[in-house]
Amino acid sequence: MRDFIVSEQNEASAVRLLDESPEPRNGSGFTGRDDVPTDYSLLDEYSRAVVGAVERVASAVVNIEIQQRSKGQPRDIAGSGSGFIITPDGFILTNSHVVHNATRIVVNLSDGRDCPAHLIGDDPDTDLAVIRIDAPQLAHVRLADSESLRVGQVAIAIGNPLGFQASVTAGVISALGRSMYSQSGRLIDNIIQTDAALNPGNSGGPLVSAAGEVIGVNTAMIRPAQGICFAIASNTAKLVAGWLIRDGRIRRSYIGVAGQNVPLHRRVIRFYNLPLETGVLVVSVEKDSPAEHAGLREGDVIVAFDERPIGTIHELHKMLVSEQIGVLARLLIIRHTEKLELSILPAESPPHP
């Protein structure tokens, strides 16, 4: 009998607590107190940001189907990937490995149309390529300034993983300034790491900010790992896409280093009166490269190239254009705490088959 009375009391208490619990008003997600948002309201804000970004970009994301030559195969093999429209007259940015050596390219637009495409330019060194379709007034994306990105901000991937078109995944930027090898064997610098899920078929699709701007081009994932995926920064994509649209290929110089952006010590900045607070840390030096011949070492920090301040890898890449091939330049570096000036002769980056 006592147990029955206790259970009745517990039930009455539970009902009373439920009756006293404040309910959200007008579906706003807020409690009876105006100054205390619930988890629902925070989730709604996040959801609205993701939905808004997808709505601004999704119509410009395409599926790319290709027929590709393969060594040792008697016939072409089929493949697919993603891409996104960067101009209203049909230029599309994607990964080099998606369209490299393609004998046939077909683009599936978000409105259901299928359009034949042709290759404008291909750069295996950055795993980027531009193709074009003949269609006017297309929805297109805006490429953001990737130098303004911060670790922890929202990152949204849109693409066609495993053939599932217009799939969206969301996460955050996990790290900036990573380096990874392209299929050509050259290191790609200034890579964005994200935990937004990528799968085969996402390659070439956009990585998008909450503002609906493209911050990167999705390019790779580490298969055994979970939540470790990579995208080529939008500033690199803008630079490469411009060259490919103009010339159809990139004839670039190179010095043979892999690097990452690093802050400079304040004492070093003041002592040498340096104009920038960052530089490019030399992570590795290629054997028999211009950098090795110039005496560059791992751990050196590049702060100027040919008397122009260098604060980021992107700025160094912008300097290494075709006009620098075979032209002697001066490299200003910080080695430990000592400022050194080296003479370097950039060479031409070899073309790829």
*Quick one: do Val280 and Leu276 end up in the same hydrophobic cluster if we chain Ile, Leu, Val, Met, Phe, Trp and Tyr together by side-chain heavy atoms under 4.5 Å apart?*
no
_Any carboxylate oxygen within less than 4.0 angstrom of a Lys/Arg side-chain nitrogen, looking at Asp111 and Arg113?_
yes
*Kindly determine whether Ile245 and Ile86 satisfy side chain to side chain contact (heavy atoms under 4.5 Å, CB included), including the steps that lead there.*
CA-CA 11 Å; Ile245 291 171; Ile86 56 175; 4.3 Å; yes
*Check: Val285 and Glu292 side chains under 4.5 Å, non-hydrogen atoms*: yes
*Considering non-hydrogen atoms only, spot the tightest contact between Phe305 and Ala329 and give its length.*
CZ-CB, 3.7 Å
*Roughly how far apart are Thr278 OG1 and Gln260 CD, rounded to 0.5 Å?*
12.5 Å
*Quick one: CG on Leu207 to OG1 on Thr219, what's the gap to the nearest 0.5 Å?*
11.5 Å
*asked:* Run the side chain to side chain contact (heavy atoms under 4.5 Å, CB included) test on Ile156 and Thr169 for me, step by step, so that the C-alpha distance in whole Å, both residues' side-chain angles and the decisive distance to 0.1 Å come before the verdict.
replied: CA-CA 6 Å; Ile156 304 156; Thr169 56; over 6 Å; no
*asked:* Test your reading of the model: is there a side-chain donor-acceptor pair from Gln68 to the backbone of His100, 3.5 Å cut-off?
replied: yes
*Look up atom CZ in Arg48 and atom CD in Glu55, then write down how far apart they are to the nearest 0.5 Å.*
12.5 Å
*Within the distance-only criterion (no hydrogens, no angle test), does the side chain of Ser110 pair as donor or acceptor with the backbone N or O of Ser59 below 3.5 angstrom?*
yes
*Hey, does the side chain of Arg56 reach the backbone of Ala211 with a donor-acceptor pair shorter than 3.5 angstrom?*
yes
*With the side chain counted from C-beta on, respond yes when Val268 and Leu274 share a heavy-atom pair under 4.5 Å apart, and no when they do not.*
yes
*asked:* Within a 6.0 Å radius of atom CD on Glu341, are there more than 12 heavy atoms belonging to other residues, nucleotides or ligands?
replied: yes
*Do Lys238 and Leu143 have side-chain heavy atoms sitting under 4.5 Å apart?*
yes
*Could you pull out the closest heavy-atom pair between Leu340 and Arg335, with the gap in Å?*
CD1-NH1, 3.6 Å
_Phe230-Ile158 co-clustered via ILVMFWY side chain contacts under 4.5 Å_ = yes
*Would you say Val141 and Ile85 are hydrophobically clustered, going by side-chain heavy atoms of ILVMFWY under 4.5 Å?*
no
*Should Val57 and Arg142 be marked as a side chain to side chain contact (heavy atoms under 4.5 Å, CB included) after you check the CA-CA gap, both sets of side-chain angles, and the distance that decides it?*
CA-CA 9 Å; Val57 175; Arg142 182 181 184 275; over 6 Å; no
*How far apart are the closest heavy atoms of Ile215 and Ser209, and which atoms are they?*
CG2-CB, 3.8 Å
_Note, Ile92 side chain near Val62 side chain (heavy atom, < 4.5 Å)_ = yes
*Which is it for Asn235 and Asp145 under the side chain to side chain contact (heavy atoms under 4.5 Å, CB included) test, yes or no, and what are the steps along the way?*
CA-CA 6 Å; Asn235 281 6; Asp145 177 12; 2.9 Å; yes
_I need the single residue from Asn101, Ile131, Leu244 that forms a side-chain contact (heavy atoms from CB on, under 4.5 Å) with Leu119. Which is it?_
Ile131
*Looking only at non-hydrogen atoms, find the nearest pair between Val107 and Ala117 and report the distance.*
CG2-CB, 3.8 Å
_Quick check: is Val168 connected to Val208 through a chain of hydrophobic side chains (ILVMFWY, heavy atoms under 4.5 Å apart)?_
yes
*Euclidean distance, Phe84 CZ relative to Leu93 CG, rounded to 0.5 Å*: 4.5 Å
_So does Arg267 get a backbone contact from the side chain of His265, meaning a donor-acceptor N/O pair under 3.5 Å?_
yes
*Is there a donor-acceptor contact under 3.5 Å from the side chain of Gln324 to the main chain of Leu320?*
no
*Answer with yes or no whether the side chains of His118 and Asp134 bring together a donor and an acceptor at under 3.5 Å.*
no
*Least distance between heavy atoms, Ser343 atom then Ala294 atom*: O-CB, 3.3 Å
*Asp44 side chain to Ser47 side chain, donor-acceptor N/O pair below 3.5 angstrom*: no
*Any sub-3.5 Å donor-acceptor pair from Asn202's side-chain atoms to Asn199's backbone N or O?*
yes
*Are the side chain of Thr194 and the backbone N or O of Ala155 linked by a donor-acceptor pair below 3.5 Å?*
no
*Among Ile64, Asn160, Asp114, which residue meets the side-chain contact (heavy atoms from CB on, under 4.5 Å) test with Asn108?*
Asp114
_Any donor-acceptor N or O pair under 3.5 Å, side chains Asn261, Thr312_ = no
_For a 4.5 angstrom cut-off between non-hydrogen side-chain atoms, does Pro263 reach Glu277?_
no
*asked:* Within the 3.5 Å criterion, strictly below it, is a donor on His97 or Ser203 matched to an acceptor on the partner's side chain?
replied: yes
*Would you call Asp89-Arg132 a salt bridge at under 4.0 Å N-O?*
yes
*asked:* So does Gly159 get a backbone contact from the side chain of Ser82, meaning a donor-acceptor N/O pair under 3.5 Å?
replied: no
*CD (Gln153) with more than 12 external heavy atoms under 6.0 Å*: yes
*Report yes or no: do Ile173 and Val54 belong to one cluster of Ile/Leu/Val/Met/Phe/Trp/Tyr joined by side chain heavy-atom distances under 4.5 Å?*
no
*Inter-residue atom distance Gln193.CD - Ile228.CD1, 0.5 Å rounding*: 5.5 Å
*Compare all side-chain heavy atoms of Asn190 with those of Ile232 and state whether any distance is below 4.5 angstrom.*
no
*Hey, does the side chain of Tyr254 reach the backbone of Ala347 with a donor-acceptor pair shorter than 3.5 angstrom?*
no
*Using side-chain contact (heavy atoms from CB on, under 4.5 Å) as the criterion, point out the one residue from Ile334, Leu281, Leu296, Leu332 that pairs with Ile302.*
Leu296
*Report yes if the side chains of Leu109 and Cys115 come closer than 4.5 Å at any heavy-atom pair, otherwise no.*
yes
*Is the closest side-chain heavy-atom distance between Val98 and Ser96 below 4.5 Å?*
no
*Shortest non-hydrogen contact between Ala139 and Ala60, atoms and distance*: O-CB, 3.5 Å
*Roughly how far, to the nearest 0.5 Å, is OG1 of Thr126 from CH2 of Trp243?*
9.0 Å
